[in-house]
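Here's the structure, in structure tokens; my notes come after.
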Amino acid sequence: MPEPEHEKAMRPEDITRLFVERSNAGDAAGVAALYEEDAVMAYPPGELTVGREAIRVLWEKVLANGPRFASEQPLPTLISGDIALTSTPPKDGAGARAQVVRRQPDGSWLRLLDQPEFVPPTR
């Protein structure tokens, strides 16, 4: 059965909006579709989740609890060629969020690296 067609992020900043929309709809496959096949996500805290399929499985578990995500205003995007750095100051006090995204051959953007939480180091 083919995957449903999801809206593509045609600007790096679109990924944040699509992430919130799909998470709030409980669409783990849609969230995972925002990531490259071999993407790396620094989540859960202290761990890495590697690959789109592992990210989908992780989000199925997270979204099973019905969390609600608030839209966060992105900071200015830094772009160099086909690579961009996106970031948002989180509303939940997680410190910061940052993602490296890459332009795909069709002109859309996908997350390559995702650091959803920066927590100050404990001394």
Side-chain angles (χ1 to χ4, degrees):
M1 184 168 149
E3 297 253 342
E5 188 64 33
H6 289 98
E7 176 185 349
K8 293 180 184 285
M10 298 312 292
R11 299 176 315 133
E13 300 83 0
D14 292 340
I15 296 178
T16 298
R17 173 183 57 83
L18 294 170
F19 174 87
V20 170
E21 289 174 5
R22 294 173 189 182
S23 294
N24 288 339
D27 183 3
V31 170
L34 297 171
Y35 292 83
E36 285 195 356
E37 203 60 52
D38 297 321
V40 177
M41 181 180 195
Y43 194 84
E47 297 180 35
L48 296 178
T49 300
V50 180
R52 182 183 289 158
E53 180 60 18
I55 290 169
R56 183 192 62 75
V57 169
L58 170 70
W59 280 102
E60 277 183 356
K61 292 176 189 164
V62 171
L63 296 178
N65 299 320
R68 300 299 297 168
F69 292 85
S71 184
E72 297 170 341
Q73 188 62 38
L75 296 170
T77 300
L78 299 175
I79 299 176
S80 177
D82 290 336
I83 300 290
L85 176 66
T86 61
S87 55
T88 53
K91 291 182 177 179
D92 65 7
R97 304 185 202 290
Q99 300 83 30
V100 174
V101 299
R102 182 164 34 199
R103 191 185 335 253
Q104 305 300 300
D106 67 358
S108 67
W109 294 81
L110 293 175
R111 285 180 173 169
L112 175 63
L113 300 171
D114 186 3
Q115 179 77 54
E117 298 180 349
F118 283 98
V119 179
T122 54
R123 296 184 189 259

From M41 atom CE to E47 atom CD, the distance as rounded to the nearest 0.5 Å:
12.0 Å
Check whether any side-chain heavy atom of I15 sits under 4.5 Å from a side-chain heavy atom of T86, and report yes or no.
no
Over all atoms of both residues, closest heavy-atom pair of P44 and T49:
CD-OG1, 3.9 Å
Quick one, T16 with F69, criterion side chain to side chain contact (heavy atoms under 4.5 Å, CB included). Give me CA distance, side-chain angles, the key distance, then yes/no.
CA-CA 11 Å; T16 298; F69 292 85; over 6 Å; no
W59 vs Y43 aromatic rings, parallel, tilted or perpendicular, using cut-offs 30° and 60°?
parallel
Side-chain heavy atoms under 4.5 angstrom apart, residues restricted to Ile, Leu, Val, Met, Phe, Trp, Tyr: same cluster for L18 and V31?
yes
Non-hydrogen side-chain atoms of K8 and Q104 separated by less than 4.5 Å
no
Pairwise distance CZ(F19) to CG(D27) - rounded to 0.5 angstrom
11.5 Å
Spatial distance of atom CG (L48) from atom CG (D114) [nearest 0.5 Å]:
11.0 Å
Value for CD (E37) from CD1 (I55), rounded to nearest 0.5 Å, stands at 9.5 Å
For G30 and H6, the nearest pair of non-hydrogen atoms, with its separation, is CA-NE2, 3.3 Å
In one Ile/Leu/Val/Met/Phe/Trp/Tyr side-chain cluster, 4.5 Å: L63, L58
yes
Salt-bridge present (D82, R103; N to O < 4.0 Å)
yes
I'd like to know if R17 and E21 make a salt bridge, using a cut-off of under 4.0 Å between side-chain N and carboxylate O.
yes
Say you draw a straight line from CG of L112 to CG of L85; how long is it, rounded to the nearest 0.5 Å?
11.5 Å
Do S87 and L78 come close enough that some side-chain heavy atom pair is under 4.5 Å?
no
Check for me, please, whether L34 and L113 land in the same ILVMFWY cluster - side-chain distances under 4.5 Å, paths through other members count.
no
Identify the heavy atoms of E7 and R22 that sit nearest to each other, and give their distance.
O-NH2, 2.6 Å
Identify which one of R52, R56, R111 satisfies the side chain to side chain donor-acceptor pair (under 3.5 Å) criterion when paired with Y35.
R111
Got more than 12 heavy atoms from elsewhere within 6.0 Å of CG, D106?
yes
Are any of the side-chain heavy atoms of T77 and R11 separated by less than 4.5 Å?
no
Give me the atom names and distance for the closest heavy-atom approach of P12 to I79.
CG-CD1, 4.2 Å
